[in-house]
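Notes for the one structure printed next.
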Amino acid sequence: ELSHQGHPDDILPLLLTSVTQELFSCIADEHVTGESPYKLLKKDDIVQDMKKRAAVSDFSPAKQIVLEYPDEELLLVYDKTFTYGQCFYLVLTPEAKDRLLKVRLSFEMRIRKKEVLEEEEKVPSGPRQWIGLGSEREIEEESVKETRNKV
């Protein structure tokens, strides 16, 4: 469901400066892309960043949420199309994190399946031309043939 700001309640759009992107190895279009937008961040790293850089930390708007977050890792998503108004958003609940990662996993599985099917289509179907590798003589010697005339 959407909050009054126009985004789902379980995410928080964030503006991450280039310094923050470097610190957390989530540089837009380098570490995270439109095709691979997810980055798991350690809760402890975010807490340390908020302690060290205080109000300057890009995560300070999410301070309470991060401190109360039950898991060890939070999911950061690169929002290339600025769907929710910023270039990133932080996923605020473990349930939403699991849901997004499962959707991503099933999407990647479908892509892989499609690639495998396309690869199989390239293999020509039907009988292929015989390529002799030297066993023809042995086959000839072992084969049964009629040697007498039929009555």
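The chain is numbered in sequence order, starting from 1.
- Between the side chain of Gln21 and the backbone N or O of Ala28, at least one donor-acceptor pair lies under 3.5 Å.
- Atom CG of Leu92 and atom CG of Leu75 lie 10.5 Å apart (nearest 0.5 Å).
- By the 4.5 Å heavy-atom criterion applied to side chains, Leu12 and Leu14 are counted as neighbours.
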Quiz item: Checking side chain to side chain contact (heavy atoms under 4.5 Å, CB included) for the pair Leu41/Phe59: CA distance, chi angles, key distance, verdict?
Solution: CA-CA 12 Å; Leu41 304 180; Phe59 293 103; 3.7 Å; yes

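- The shortest side-chain heavy-atom distance between Val32 and Pro37 does not fall under the 4.5 Å cut-off.
- With hydrogens and angles left out, the side-chain atoms of Thr83 and Asp79 include a donor and acceptor closer than 3.5 Å.
- Side chain to side chain, Ser60 and Arg53 fail the donor-acceptor criterion of an N or O pair below 3.5 Å.
- A salt bridge links Glu141 with Arg137; the closest basic N to acidic carboxylate O contact falls under 4.0 Å.
- The shortest distance between side-chain heavy atoms of Ile65 and Leu67 does not fall below 4.5 Å.
- Every residue two or more places apart in sequence or in another chain was checked for a side-chain contact (heavy atoms from CB on, under 4.5 Å) with Lys52, and none qualifies.
- Salt-bridge formation is not detected for the pair Lys43/Asp71: no Lys NZ or Arg NE/NH1/NH2 atom is positioned less than 4.0 Å from an Asp or Glu carboxylate oxygen.
- Ion pairing of Glu73 with Lys42 is present here, as a side-chain N (NZ or NE/NH1/NH2) and a carboxylate O approach within less than 4.0 Å.
- Looking only at side-chain heavy atoms (C-beta outward), Asp45 and Phe24 come within less than 4.5 Å of each other.
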Quiz item: Would Thr33 and Ser36 count as a side chain to side chain donor-acceptor pair (under 3.5 Å) if you check the C-alpha gap in whole Å, the side-chain angles of each, and the deciding distance to 0.1 Å?
Solution: CA-CA 5 Å; Thr33 62; Ser36 182; 4.9 Å; no

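- Looking at Ser57, its side chain never comes within 3.5 Å of a backbone N or O of Ala54 through a donor-acceptor pair.
- Side-chain contact between Tyr84 and Ile11 is present, with at least one heavy-atom pair separated by less than 4.5 Å.
- Within the 4.5 Å cutoff, no side-chain heavy atoms of Tyr69 are placed close to those of Gln64.
- For Asp10 and Arg99, the salt-bridge test passes: some basic side-chain N is under 4.0 Å from an acidic carboxylate O.
- Counting heavy atoms of neighbouring residues, nucleotides and ligands inside a 6.0 Å radius, atom CD of Glu142 does not exceed 12 of them.
- Side-chain contact between Lys145 and Glu140 is present, with at least one heavy-atom pair separated by less than 4.5 Å.
- Every residue was checked against the side chain to side chain donor-acceptor pair (under 3.5 Å) condition with Lys51, not counting sequence neighbours, and none meets it.
- At a threshold of 4.5 Å between non-hydrogen side-chain atoms, the residues Leu74 and Val66 count as touching.
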